[in-house]
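Residue indices begin at 1 and follow the sequence shown. Just so we're clear, the structure is a prediction, and the values are computed from it rather than from any experiment.
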Amino acid sequence: MIRQVRTGARALLAAGVLVTGALVGASPAAAATAPTALTASDYSLTADYHQFDTLNSALVSTLGTSAVHTVMENANHDRQALPSSFSVAGLSTGFRFDDSDNSDCQSVPQGITTSRDSVGTANSGNYDGHQLVLVSWYTKDGCNGAQQRSRITLADWDATYPNKYRKILLVEPTGTAAAPDFKDIPIHAGGVSWYGDYLYVADTGRGMRVFDMRKILNTDSGGTADQIGRQSGTVYYAHNYAYVLPQIGTVTSHAPSGNGLVWSSISLDRVNKSIVMTEYTCQSGCTDYPNRPPRAIRYPFASGATTFGATTTASQALQLPWYKLNGVASHNGRWWFNSSGQKQLYYWTPTAGPATFAWVGGGESLSYWEDATNPDLLWSLQETTGGRNVFAVTQSTYGGG
């Protein structure tokens, strides 16, 4: 059951009010151009889900694991209601992180996925007894420093449980079978998708890193904030985190030579049983990002599985007419793209063509929320320090029908 429906925000929408913090208008504007097809066979993936088997077995034996329900029983952060100043067309529900995470200039939220991605509408979208919203973050070495590590947060989204969330550090196994260890993963974590038990996290220049939600490790939350990994014997610290999620494998991207993909955001399409990705690029003038049209690529999972085959060829490839894209979603032949730079949400299908909607500033990834009885939703979030709203809108408001 979805909580905290914003009736006040809906009243503002009905009145056509422009509220500080977001644009409320959702009237589509005709787009000048539309996506065009690329050769899908030019794009492929290679997957290795057993890259760290030996090390992970040793870590599990040494540290033990906690199931997701145990992690959530020990959730120690309070999520807050959306502020009254936040509004966006079609707003259904949402939350904000606690004051510390909302104002932390060192750690920044990026990707979003939910237990509805993982299991669909079965059992009300519960994974291990909990309906969850999962957000990926990267942490910098200081407010303006280099990327240092990454994490996820699991937030309960069910009336049965308190309004709590828990942080879990993402780590890469290292060391040996006799002395297993782990280290930080300093990636942008711009997108995240949860399918079955597997968590896929975008790794900007490479593809995706893979994690298994059944293998959350227990660590000692003591030590100092800078300590990571094995200290002595069976004592393992993780920047004061009580839980870490170790990488199990890697999905590597292959694209035309000299034109590699920028894995800026990813999302799950449960209908087409695939992951879609898109790139953050600029029309001109960027130094940290490519100056060229972005692409969106669809990669199908192996038949009947929540994993990719050893080799996977893309089933769809698009060149896009929009820029500075931070989010992508696709469901049943429909596509959405979020541009933080333009504060717009683009909608496109091959038959209906493109449409453009006003959207929030600082917008990041998108995730499609299937619902068997209520309207389907699009979940998204804002990265802006002091305004980190995690919210869901009715997908039909944005061209979904």
Side-chain angles (χ1 to χ4, degrees), residues 45-74 76 107 128 134 136-139 141 146-154 166-189 192 194-253 305-311:
L45 302 174
T46 53
D48 181 358
Y49 288 83
H50 303 286
Q51 183 178 358
F52 300 104
D53 278 2
T54 299
L55 292 173
N56 275 325
S57 293
L59 285 168
V60 168
S61 178
T62 303
L63 297 175
T65 62
S66 286
V68 164
H69 77 267
T70 302
V71 172
M72 298 316 298
E73 287 164 8
N74 291 286
N76 59 347
S107 295
D128 195 21
L134 187 156
S136 62
W137 300 62
Y138 71 87
T139 296
D141 182 14
Q147 291 173 17
Q148 190 178 50
R149 54 182 179 265
S150 51
R151 71 171 190 242
I152 59 172
T153 54
L154 285 177
R166 185 87 202 201
K167 304 176 187 180
I168 303 172
L169 187 69
L170 299 179
V171 297
E172 180 180 318
T174 61
T176 65
D181 206 345
F182 52 75
K183 65 181 181 179
D184 286 315
I185 298 179
I187 60 173
H188 197 71
V192 61
W194 189 0
Y195 196 30
D197 294 311
Y198 296 103
L199 191 69
Y200 296 88
V201 180
D203 188 349
T204 309
R206 298 175 179 85
M208 295 176 285
R209 301 200 186 207
V210 188
F211 304 81
D212 188 334
M213 294 297 290
R214 298 166 295 186
K215 295 183 177 179
I216 300 171
L217 300 173
N218 305 314
T219 53
D220 191 321
S221 60
T224 61
D226 63 340
Q227 287 181 295
I228 178 72
R230 184 172 181 264
Q231 304 303 308
S232 62
T234 58
V235 176
Y236 288 75
Y237 292 141
H239 305 300
N240 303 129
Y241 287 73
Y243 302 105
V244 302
L245 184 61
Q247 184 178 345
I248 66 161
T250 303
V251 178
T252 304
S253 172
T306 57
T307 55
F308 293 103
T311 301

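The two atoms that bring N240 and G222 nearest to each other are ND2-O, 3.1 Å, heavy atoms only. The shortest heavy-atom contact between Y49 and T307 is OH-CA, 3.3 Å. In terms of heavy atoms, P173 sits closest to P246 at CG-CB, 4.1 Å. Across all non-hydrogen atoms, the minimal contact from A58 to A177 is CB-O, 3.4 Å. Looking at every heavy atom in both residues, S107 comes nearest to T139 through OG-OG1, 2.7 Å. Scanning both residues, N56 and Q247, for their nearest heavy atoms gives ND2-O, 3.1 Å.
Proximity of Y243 to T219: side-chain heavy atoms (C-beta onward) are nowhere separated by under 4.5 Å. When side chains are defined from C-beta on, H188 does not count as touching W137, because their heavy atoms never get closer than 4.5 Å. You'll find the side chain of K167 reaches within 4.5 Å of the side chain of T153, heavy atoms only. Proximity of I185 to F211: side-chain heavy atoms (C-beta onward) are separated by under 4.5 Å at one or more points. Between L169 and I228, the closest side-chain pair of non-hydrogen atoms falls below 4.5 Å. Residues L154 and M213 have side chains in contact (heavy-atom distance under 4.5 Å, counting atoms from C-beta outward). Side chains of R151 and H239 form no contact here, defined as non-hydrogen atoms less than 4.5 Å apart.
If you check the side chains of D48 and T250, you find no donor sitting under 3.5 Å from an acceptor.
Rounding to the nearest 0.5 Å gives a distance of 9.5 Å between OH of Y195 and CZ of F308. Here the straight-line distance linking atom CZ of R149 with atom OH of Y241 works out to 5.5 Å at 0.5 Å rounding. Rounding to the nearest 0.5 angstrom, the gap separating the CD atom in Q51 from the CD atom in E172 is 7.0 Å.
Few gaps surround CZ on R230; more than 12 heavy atoms of other groups in view lie less than 6.0 Å from it.
Side-chain atoms of D128 come within 3.5 Å of backbone N or O of H69 as a donor-acceptor pair. A distance-only check finds no donor-acceptor pair linking the side chain of R214 to the backbone of D197 [under 3.5 Å]. Panel note: side chain S61, backbone S57; no donor-acceptor pair is recorded below 3.5 Å. With hydrogens and angles ignored, the 3.5 Å screen pairs a side-chain donor or acceptor of Q231 with a backbone N or O of G229. A donor-acceptor pair is defined here as one N or O able to donate and one able to accept, closer than 3.5 Å; no such pair exists between the side chain of D220 and the backbone of Y236. Between the side chain of D181 and the main chain of L55, no donor-acceptor pair closer than 3.5 Å is present. Looking only at distances, no side-chain donor or acceptor of Y237 sits under 3.5 Å from a matching main-chain atom of D226. A distance-only check finds no donor-acceptor pair linking the side chain of D184 to the backbone of P186 [under 3.5 Å].
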Q) Under the side-chain contact (heavy atoms from CB on, under 4.5 Å) criterion, do S253 and L45 qualify, and how do the steps go? A) CA-CA 5 Å; S253 172; L45 302 174; 4.3 Å; yes
Q: Might you work through the side-chain contact (heavy atoms from CB on, under 4.5 Å) test for F52 and L59, ending with a clear yes or no?
A: CA-CA 10 Å; F52 300 104; L59 285 168; over 6 Å; no
Q | Check against side-chain contact (heavy atoms from CB on, under 4.5 Å), V210 and V251 | A | CA-CA 7 Å; V210 188; V251 178; 3.6 Å; yes
(Q) I'd like to know whether T65 forms a side-chain contact (heavy atoms from CB on, under 4.5 Å) with I216, so could you lay out the CA-CA distance, the side-chain angles of the two residues, the decisive distance to 0.1 Å, and finally the verdict. (A) CA-CA 5 Å; T65 62; I216 300 171; 5.7 Å; no
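Screening I152, I187, V244 for a side-chain contact (heavy atoms from CB on, under 4.5 Å) with L170, the sole residue that qualifies is I152. Shown are D212, L199, V171; of these, the side-chain contact (heavy atoms from CB on, under 4.5 Å) with L245 is made only by L199.
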